[in-house]
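Following: one structure in structure tokens, then a few remarks.
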Amino acid sequence: MVRKAMVKGSVFLVLLMSIIAILNSIFILKTVHRDKLIEGLYNQPSDAYDVVLMGSSHMNGGLDPNVLWHQYGITSFNYATGGQPIDVTYYLLKEVLEKHKNPIVVMDLYYLGSTDEYGEEGYVRYVLDNMNFSMNKLVAIINCTPLKDRIDYLFPIFEYHDRWKELTAKDFNYGSNANYAKGFEAGIEKYGKDDSSNISTTKTIDLPPKTMEYLVKIIDLSKKDGFKLIFTNTPYDYNSPGESSSWVKEPIEMFNKVAEIAKENNIPFINYCDKMSDIGFDFKEDMNNAGHVNIWGAVKVTMDMGKFLKENYSLVDHRTDNKYAQWNSDYVRSQAASLSVENKSS
Amino acid sequence: MSWNPIYCIFIATSTLITYSSGLLIEKETKHKQYDEERSVRLKKFWVFLNLLSNLGILFLFKYYNFFGTTLVEIFSFLHINTHIPSFDYILPVGISFYTFQALSYTIDVYRNDVKAQKNLGKYALFVSFFPQLLAGPIGKSKNMLHQFDEKHSFDYDRVKNGLILMLWGVIQKTVIADRLGELVNTVYKNPSNYQGFEIAIATLFYAFEIYCDFSAYSDIAIGAGEVLGFRLPKNFERPYFSKSIKEFWRRWHITLGAWFKDYLYIPLGGNRCSKLRYYYNILVVFFVCGLWHGAAINFIIWGAIHSIYQITGDMLKPVKKTMIKKLNINTKGFGLKLFQVMVTFALVDFAWIFFKAGTFTIAITLIRKMFYFNPWIFIDGSIFKLGLDQKDFSISILCVGVVLVVNMMQRTRNLRSELSKQNIVFRWSVYLTTVVIILIFGIYGPRFNPQQFIYLQF
């Protein structure tokens, strides 16, 4: 009798879990980040990219894969999402590496400055809600979210079930939009102000404990898995986190420390906050706001990064390869889209 | 209401006192052949001591402050200034329920209805049996105690049936009661902002909210008991289909009603006495019943209203008979039954206003403002601004309909055994659909404030 109960109970649980998995995908908020993970990761063939771009919104709008393609013939995808804490980036990177073996990983380190134990729920959900169930996801939930919320991350239906009132056809048929922008998304505003943090120092400070832990984990992962890692920091006003109590107060000193750590581990660290004049970056014109570059600024940053990649790594130029024809049309589409947004706003 | 672990001391005290008094009472029963008068006297003494200590703890936590402030108010009305120190501890959760269950044991031993339990562990299990600990059903020792001596083995069908009942309980709580509660709380927390049908709808919804909420707890407790192989008593039997207030009390919170009947109403003389004494007995029982629900004047009034209903009902019996005879009304017809059910429901629902309102003043405000004719709220959309938008309101109406239909079906058949006769595809579809309904339409999760079971506060 116990055996009968166990067999029937297991079958019932499997059925129930399958239904819950379907419900989860229907009820999860359909943001562009979902599209990014489905189309950019799960629906892509393995080893589709030379380079993967990781990080928060600074990276999301900072490096444009279509420019990397058009100028250098490098294939890449931008997996960065707004407000993505560094611990989440680590687990997303692990998930990306399941699909793409040994890409060059370019990682923006803005979020090393966060002193919070856990990231903001809405931002963390951009990634965790949209990750397929895997060991990576499970460990990410355990390590990147507060205990009281973990069950809701594991079963997103618990969080989103009251969306039953607002479901549309899109919620049922999501996941079929080709991501021609390759995950890149930048603003078209012009900040119009100077960088208020234009000072320099050689001092260093320790990183917040949790972000330090994950920086070390990322470095260790690159050594263990043998992928090439490049750290970067896209241009922003160091004062932009403002009076936020959950951010390091001395970002320059922190990045000096990061530079030291990177050097010790033979990892290139390109801090564009220190390189603005080298790449012809005009803070007033090329920033969308104090924290993020705009599409024109992104082109300048991407051009420089592409040059660095081209010069330092043996990357094959795929532009003449017919297999990559789609990349050319995606580039044209992305430029047309940028132009149309630009024209609408002017 | 508090979950403070230190309050385990009180349940442990109650358990130890009632356990030892059980043994002492039984000892006197065995000795009675030697000195009957003395042993009866001693038995009564142990029962008295037992009642005093258990009810004393209950009084201290639940009623001390209420009676203290009431006395101060009475004295100040007589221009006498007094000060009674207050007792600032929160009510330990489940105290009213386990105290009554423990007392039932002592009285049952005294009456020779059960043998005293020698095994302290088993007795402690009886008092603290977790499914029913917090909000009943209140088990009688004569029905419950022996179950702790039985051997419990795994039985697939029993476990399955228990889980089905629990599932139905979860639906009643999360999908129905808590959804209705959103509207009820909106109106009852700001009575001055609402009137007419807004209050009427909220009061109607409250009747179903409290029923589904409490019935949900009972079903989950009974189901959990069943999973473990224990038979807990039924607590509800389609109460809103009662044709009289008297019948309502045989169908609503059955175990509490039975407790009062066995241990208060019958000892007082029940109805086998003069009319006046009978009415007095009803008044006393309902006064205590009101007070059991909470140390507040509104609960006492709620109890009093129910006693007045019953007394008036009894007094009007001859008038009712004459009317039926003169108007030649078919007493077996559906029309009369429906009328009686509706009148009973209206009376019960009216009394719920006092139960829910929190204070007497709010209850009176609600009643005063309810008599205002504003049917346009159903047309201009105002009805959907009471905490439930149009979609949630529609679901609520559907839910009330489902509860009534399920109740009606329960009248003639046992739904769980009917379900078990169906093929596996149908059964599993029902189970899975039920879980999906709870998952989607339940009021739970981080976006909602968790709502406690209403009866946990008693």
Side-chain angles (χ1 to χ4, degrees), chain A residues 1-30 118-126 128-129 133 141 144-168 171-172, chain B residues 152-164 166-167 170-171 174-175 178-179 182 226-229 384 387-396 398-399 419-420 423-451:
Chain A
M1 192 178 281
V2 175
R3 198 183 130 94
K4 178 186 164 193
M6 282 173 74
V7 171
K8 277 190 151 183
S10 308
V11 175
F12 187 82
L13 268 181
V14 168
L15 275 175
L16 185 61
M17 286 300 157
S18 313
I19 291 173
I20 289 177
I22 296 168
L23 290 177
N24 283 341
S25 69
I26 294 171
F27 280 80
I28 281 171
L29 267 183
K30 304 304 179 300
Y118 301 110
E120 236 180 82
E121 184 177 353
Y123 292 143
V124 173
R125 282 190 176 278
Y126 284 164
L128 294 190
D129 281 352
F133 187 77
I141 289 173
C144 307
T145 66
L147 181 63
K148 68 176 177 55
D149 297 340
R150 284 177 200 160
I151 191 82
D152 303 324
Y153 278 98
L154 202 55
F155 298 101
I157 181 77
F158 293 176
E159 166 79 15
Y160 297 114
H161 66 97
D162 63 325
R163 286 194 68 237
W164 64 268
K165 290 181 212 171
E166 56 184 59
L167 293 180
T168 63
D171 290 298
F172 293 86
Chain B
H152 299 275
S153 52
F154 181 80
D155 180 277
Y156 178 80
D157 289 324
R158 195 197 67 224
V159 170
K160 184 187 74 184
N161 277 330
L163 290 173
I164 294 171
M166 290 174 80
L167 201 61
V170 176
I171 276 226
T174 60
V175 180
D178 287 355
R179 177 168 273 103
E182 299 268 313
E226 216 169 312
V227 168
L228 300 170
F384 307 127
L388 293 177
D389 62 19
Q390 189 167 1
K391 287 174 183 166
D392 264 321
F393 192 87
S394 310
I395 297 263
S396 302
L398 187 70
C399 285
L419 184 63
S420 66
N423 65 54
I424 188 164
V425 178
F426 181 83
R427 278 186 284 125
W428 281 37
S429 303
V430 170
Y431 306 151
L432 290 168
T433 310
T434 310
V435 178
V436 168
I437 287 172
I438 293 169
L439 282 175
I440 297 177
F441 298 108
I443 304 289
Y444 70 91
R447 295 182 186 205
F448 298 97
N449 291 327
Q451 292 187 32

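Here is the naming used below: chain letters follow the sequence lines, and residue numbers restart at 1 for every chain.
Scanning all heavy atoms of the two residues, the minimum distance from B:L228 to B:R158 falls at C-NH2, 3.8 Å. Closest approach of B:L439 to A:F158, counting heavy atoms only: CD2-CE2, 3.5 Å.
Both the backbone and the side chain of B:D392 come within less than 4.5 Å of a heavy atom in chain A. Both the backbone and the side chain of A:K8 have a heavy atom closer than 4.5 Å to some heavy atom of chain B.
Interface residues of residues 10-23 of chain A toward chain B, defined by a heavy-atom distance below 4.5 Å and sorted by number: A:V11, A:F12, A:L15, A:L16, A:I19, A:I20, A:L23.
In this structure, B:Y444 and A:H161 have parallel ring planes: the angle between them is below the 30° cut-off, well short of the 60° mark.
For A:Y123, the ring pair (Phe, Tyr, Trp, His ring centres under 6.0 Å) partners are A:Y126, not counting sequence neighbours. Checked against ring pair (Phe, Tyr, Trp, His ring centres under 6.0 Å), B:F441 has the following partners two or more places apart in sequence or in another chain: A:W164. By the side-chain contact (heavy atoms from CB on, under 4.5 Å) test, B:I164 pairs with B:K160, B:N161, B:R416, B:L419, B:Y431, sequence neighbours left out.
Under a cut-off of 6.0 angstrom, the local environment of CZ in B:F154 is crowded, with over 12 non-hydrogen atoms contributed by other residues, nucleotides or ligands.
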